[in-house]
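What follows is a set of notes on a single structure, which appears directly below.
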Amino acid sequence: MTLRPAAQADLRPPADPAEHRGLPAADGTRARPARRPRRRRRGADRRPRFAIAVTAAFFALLYLPVVVVVLFSFNSQKSLTVFEDVSLRWYSAFLRDDVLIDSLGMSLRVSLVAMAGSLVLGVALALGLVRNRSRLGSFAGLVMLVPLITPEIVTGVAAMMLFKGLGITLSTTTVMLAEITFSISYVTVILRSRIAALNPEVEEAAMDLGATRRQALFLVTLPALLPSILASGVLIFALVFDDFVLAYFTTGVDPQPLSVRIYSAIRFGVQPTINAVGTLMLVGSIGLIVLALAIPRLFGRRGGLDLLSGK
Amino acid sequence: MARRNRSGTARPPGAGPAVSGARLWTWLMLPGTLWMTGFLLASLLLVATLAFGTTDPLGNPRFGLNTDNFAALADPAYRTVLLRSLGYALITCLICLAVAYPVAYAIALHGGRFKNLLIAAIVVPFFANYLVRMYGWSVVLSDDGPLLKALRAIGIADDGTKILQTGPGVIAGLVYGFVVFMIIPLYAAMERMDTSLIEAGRDLYGGPLRTFLFVTVPATRQGAAAGCVLVFLPAMGDFVSAQLMGGPDQIMIGNLIQDKFFQGQNWPLGSALTMLLMAVLLFGMLGYLRRTRKDEAEAVR
């Protein structure tokens with residue numbers, strides 16, 4: 001296929017089924033006379049009404065729960081079905097809830113540390129993996145994929161058993177360690193493709209101009225990767241902040257990550273404060289994700305990535 | 001575009017000064033690899049080993065070499081839960097396929113300039129907290145929630161109809177949680193698909209349904225297979241959906257594992273259940289790999 005599908009469709013003469021009855025598909029498609037009146041609309045611009053209806057219903061159901069949580073976070077009553085009046089009652093209830101505020105603080109600390117730790121380890125690992133094709137490299141490449149194909153409950157159980165087996169009391173630190181382990185994979189997967197897309201000639205040029213390999217790495221390669229590194233950092237922050245399963249298995253008694261608190265709150269009945277916390281978390285995560293998506297583009301316009309992308 | 005080595009001092013990989021470089025790359029790779037090996041592989045190995053262990057009278061886990069825990073898994077109660085988990089995960093895959101095909105089709109082939117925006121609109125809420133989304137979903141599906149109210153108004157449901165606390169409720173939760181994993185690979189496959197095939201199908205008098213079944217589905221089956229793996233994997237291990245949507249008689253294998261580690265305090269049995277879960281999933285993964293290899297071999301031919 002040489003043309004973009006849409007363009008191909010537009011160049012095609014209108015279909016005239018009657019003339020091609022019995023002809024093999026490969027023939028006729030292009031040799032068809034073009035001036036015949038169209039009896040049926042062409043394939044590509046015929047709207048699949050069924051698929052579009054399903055898509056509309058899908059979007060409605062996808063956002064309905066989010067809308068419900070946000071809407072009822074502003075309800076003046078406890079009910080989740082009847083909206084009474086607009087009020088910030090549940091937001092102020094959240095701000096006065098020391099347990100939840102402590103959890104929020106802990107989640108923020110864990111996310112920051114996990115972001116920093118997994119970026120340092122993950123970026124280095126990704127650089128090594130792309131540039132070094134040794135046996136150690138293929139081993140590291142495999143290990144890195146393990147968390148991505150293991151259900152989180154298994155990694156969670158395993159991390160908890162490791163800590164307990166080593167006699168380490170579960171605490172904020174254990175959550176941080178587990179989250180770093182998990183996040184390294186994400187950082188490495190995201191950055192591997194970016195590093196592979198870099199133009200090695202620029203690094204070589206720097207070395208021809210007298211830079212050592214290490215200087216070339218820090219002065220040329222890493223700055224070129226900066227947008228991707230920042231974007232994956234923001235992404236990791238959001239993922240770790242929202243993570244539940246791993247945090248649930250590796251957290252100690254006090255304080256607990258926000259998502260673990262939410263879990264126990266939902267299990268013991270309806271608590272409208274959760275709507276307020278949930279809304280804040282939704283806004284925060286969605287903001288971060290949009291930021292992560294936007295960062296490469298912001299840099300791209302200034303040429304930060306394209307300079308070295310090998311195009 | 002092909003990357004050209006500079007002519008003058010061309011540096012073939014692994015020659016000359018690159019040797020010192022190779023050492024640098026190894027040093028860079030080492031901390032992450034050691035970290036992952038120490039935390040991840042060691043911990044997984046621990047689970048595998050403890051599955052052969054026992055608990056002493058005080059309830060502390062002891063390592064050992066017996067297969068009692070695996071024998072205990074033969075208990076019909078566990079078998080029921082395992083089969084239920086498998087069933088729920090499979091039905092979840094099928095429903096996700098049924099939803100994702102039309103959605104991916106509509107966006108990839110008819111999304112026009114809104115394509116990326118629509119895909120972002122699907123992906124972004126997926127990154128928001130899983131528990132908050134599940135909680136919102138359980139409110140939507142609750143007995144006097146908006147969905148059942150609407151269904152009652154148009155006469156599909158009556159007053160006694162429930163979604164929460166039933167098996168379909170659990171499946172609804174799983175579908176809501178993981179349907180994105182099906183849409184993305186299917187969307188990617190449809191983007192790559194040669195749309196002239198669809199037109200060829202229509203030129204040959206295939207109705208929309210026949211064209212879809214005999215042209216679109218075969219052309220995107222790799223995306224569908226990848227999606228099935230991505231949905232099946234977390235759906236099998238999930239314990240939140242069964243807890244929030246199902247209640248006590250809808251538990252899945254994830255809830256059993258959680259229970260053995262937190263309430264039951266029987267870690268060896270919990271480890272054995274974890275290994276069972278892993279075994280089921282590995283079996284599925286191998287099937288998927290064999291399938292894709294075969295597809296690739298056919299594509300090469």
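Numbers restart at 1 for each chain; the letters A, B, ... are given by sequence-line order, proteins then strands. Every value quoted in this text rests on a predicted model; they were computed, and no experiment measured them.
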Is it the side chain or the backbone of B:V99 that comes within 4.5 Å of chain A heavy atoms, both, or neither? both

Do B:R192 and B:Y187 come close enough that some side-chain heavy atom pair is under 4.5 Å? no

Measure A:V245 against the heavy atoms of chain B and call it side chain, backbone, both or neither at under 4.5 Å. side chain

Could you tell me if the side chain of A:L61 sits less than 4.5 Å from the side chain of B:W137, heavy atoms only? yes

Any residues in residues 117-124 of chain A near chain B, with a heavy-atom distance under 4.5 Å, and which are they? A:L121, A:A124

Can you say whether A:L235 sits under 4.5 Å from chain B via the side chain, the backbone, both, or neither, judging by heavy atoms? side chain

A:M161 versus chain B, heavy atoms under 4.5 Å apart: side chain, backbone, both or neither? both

Contact between B:I257 and A:V154 at the side-chain level, heavy atoms closer than 4.5 Å - yes or no? no

Check whether any side-chain heavy atom of A:M160 lies under 4.5 Å from a side-chain heavy atom of A:T174, and answer yes or no. no

Can you find a pair of side-chain heavy atoms, one from A:F244 and one from A:F249, that are under 4.5 Å apart? no

Reported CZ-to-CG distance for the pair A:R267 and B:L131, which is rounded to 0.5 angstrom: 11.0 Å

Side chain, backbone, both or neither of A:V69 within contact of chain B (heavy atoms, under 4.5 Å): side chain

Parallel, tilted or perpendicular for B:Y101 and B:F212, by the 30°/60° rule? perpendicular

Using heavy-atom distances under 4.5 Å, tell me whether A:L239 contacts chain B through its side chain, its backbone, both, or neither. side chain

Is there a side-chain contact between B:M236 and B:M252 (heavy atoms, below 4.5 Å)? no

Against chain B, label A:I149 side chain, backbone, both or neither, depending on which of its atoms sit under 4.5 Å from a heavy atom there. both

Which atoms of A:A140 come close to chain B, meaning under 4.5 Å heavy atom to heavy atom: side chain ones, backbone ones, both, or neither? both

Are A:R131 and A:E203 within salt-bridge range, i.e. N to O under 4.0 Å? yes

Okay, A:I153 and chain B: the region with an atom under 4.5 Å from a heavy atom over there is side chain

